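Worksheet: one structure, shown below.
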Amino acid sequence: NDDFMKSSEIVFSRLMKEAPNAIDLFTFAKGSGMYNPNYDLDMKRHSLKVVNALCWAVSKADHFDDIRGELIKLGERHRYYGLRLCYIQPMEHVLHNLVKEHLGPLYNEEIREAWTQFLKMLLYCVFHPLLKAEHRRKKIFIRGFNGKIICKMTQRAAVFYIVVLIILLAWLRVSVERVIRARNSTQQ
């Protein structure tokens, strides 16, 4: 049980080193960083939850299709906490190295391949809601005359800005026409 507790703490301490912005995912750490007096206790509790969930998923690896829906729901919940796609690689790296260290000399190429495949399936399911959302928010790049990107935005934002631009141009046209009519009437 001490190994389990130690493993759970290692996962998060390494994740925070590899992806320091991940601290923002945790409501108990938001705004207070490491200065929250309950930070260590809350982080240990959450670390245990994550490692428990990972152990549960590993125990169901032979019937992965049975747990896919639960993992996607887990990802959907974490999407609202601020989970980002940039955490896939650090999390995969941390979990992979943890298994490698834990198994020591028993770790071999066959285990590496199986663990890598399992982690990819697991993380794909957890990050699936983010991948779907990211696909819906394709980026549009606006380039200046020199070819450099001057603005990046989602398609939805681009449509909004185009509509606003059209309204502003119409308003500007009407305003200019009023000024021209006013000048013409004063000149006559």
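Worth knowing before you read on, the calculation uses all heavy atoms, side chains too, and leaves out hydrogens, waters and symmetry mates. If you're wondering where the values come from, they're calculated on a predicted model, not measured in any experiment.
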Next item on the list: Supply the atom-to-atom distance Asn97 CG to His102 NE2, rounded to the nearest 0.5 angstrom.
Entry: 14.5 Å
Item checked: Heavy-atom neighbours of Gln117 CD exceed 12 at 6.0 Å -> no
Margin query: Using a 3.5 Å distance criterion without hydrogens, assess whether the side chain of His93 forms a donor-acceptor pair with backbone atoms of Gln89.
Written below: no
Checklist line | Nearest-0.5 Å distance, CG of residue Leu103 to CG of residue Leu98 | finding: 9.5 Å
Next item on the list: State whether Arg112 and Glu109 are salt-bridged, where the test is any N-O pair (Lys NZ or Arg NE/NH1/NH2 against Asp/Glu carboxylate O) under 4.0 Å.
Entry: yes
Check: In chain order, what residues pass the side chain to side chain donor-acceptor pair (under 3.5 Å) check against Glu70, with sequence neighbours excluded?
Finding: none
Notebook entry, point to check: Looking at side-chain heavy atoms only, is the closest gap between Leu119 and Val99 below 4.5 Å?
Noted result: no
Check: Mind checking whether Trp115 and Phe118 have parallel, tilted or perpendicular rings, split at 30° and 60°?
Finding: parallel
Check: Rounded to the nearest 0.5 Å, how far does CD1 of Ile88 lie from NZ of Lys120?
Finding: 9.0 Å
Notebook entry, point to check: What's the spacing between Leu71 CG and Met121 CE if we round to 0.5 Å?
Noted result: 9.5 Å
Notebook entry, point to check: Quick one: CG on Leu74 to SG on Cys125, what's the gap to the nearest 0.5 Å?
Noted result: 10.5 Å
Could you pull out all donor-acceptor pairs under 3.5 Å where a side-chain atom in residues 170-178 meets a protein atom, sequence neighbours excluded?
{"from": "Arg173", "atom 1": "NE", "to": "Glu177", "atom 2": "OE2", "distance (Å)": "3.3"}
{"from": "Ser175", "atom 1": "OG", "to": "Trp171", "atom 2": "O", "distance (Å)": "2.9"}

Notebook entry, point to check: Would you call the rings of Tyr107 and His96 parallel, tilted or perpendicular, where under 30° means parallel and over 60° means perpendicular?
Noted result: perpendicular
Note to self: If the condition is salt bridge (Lys or Arg N to Asp or Glu O under 4.0 Å), which residues does Asp65 pass it with, not counting sequence neighbours?
What the structure shows: Arg68
Notebook entry, point to check: For Val94 and Leu15, which heavy atoms make the closest approach, and how far apart are they?
Noted result: CG2-N, 3.8 Å
Margin query: Test of understanding: clusters of I, L, V, M, F, W, Y form through side-chain heavy atoms closer than 4.5 Å, transitively. Do Val179 and Leu168 belong to the same one?
Written below: no
Check: Applying the 4.5 Å side-chain criterion to the ILVMFWY set and letting contacts propagate, would Ile67 and Ile72 be lumped into a single cluster?
Finding: no
Item checked: Cluster check Ile180, Leu169: I/L/V/M/F/W/Y, side chain < 4.5 angstrom -> no
Notebook entry, point to check: How long is the span from the CD atom in Glu92 to the OH atom in Tyr124, to the nearest 0.5 Å?
Noted result: 14.5 Å
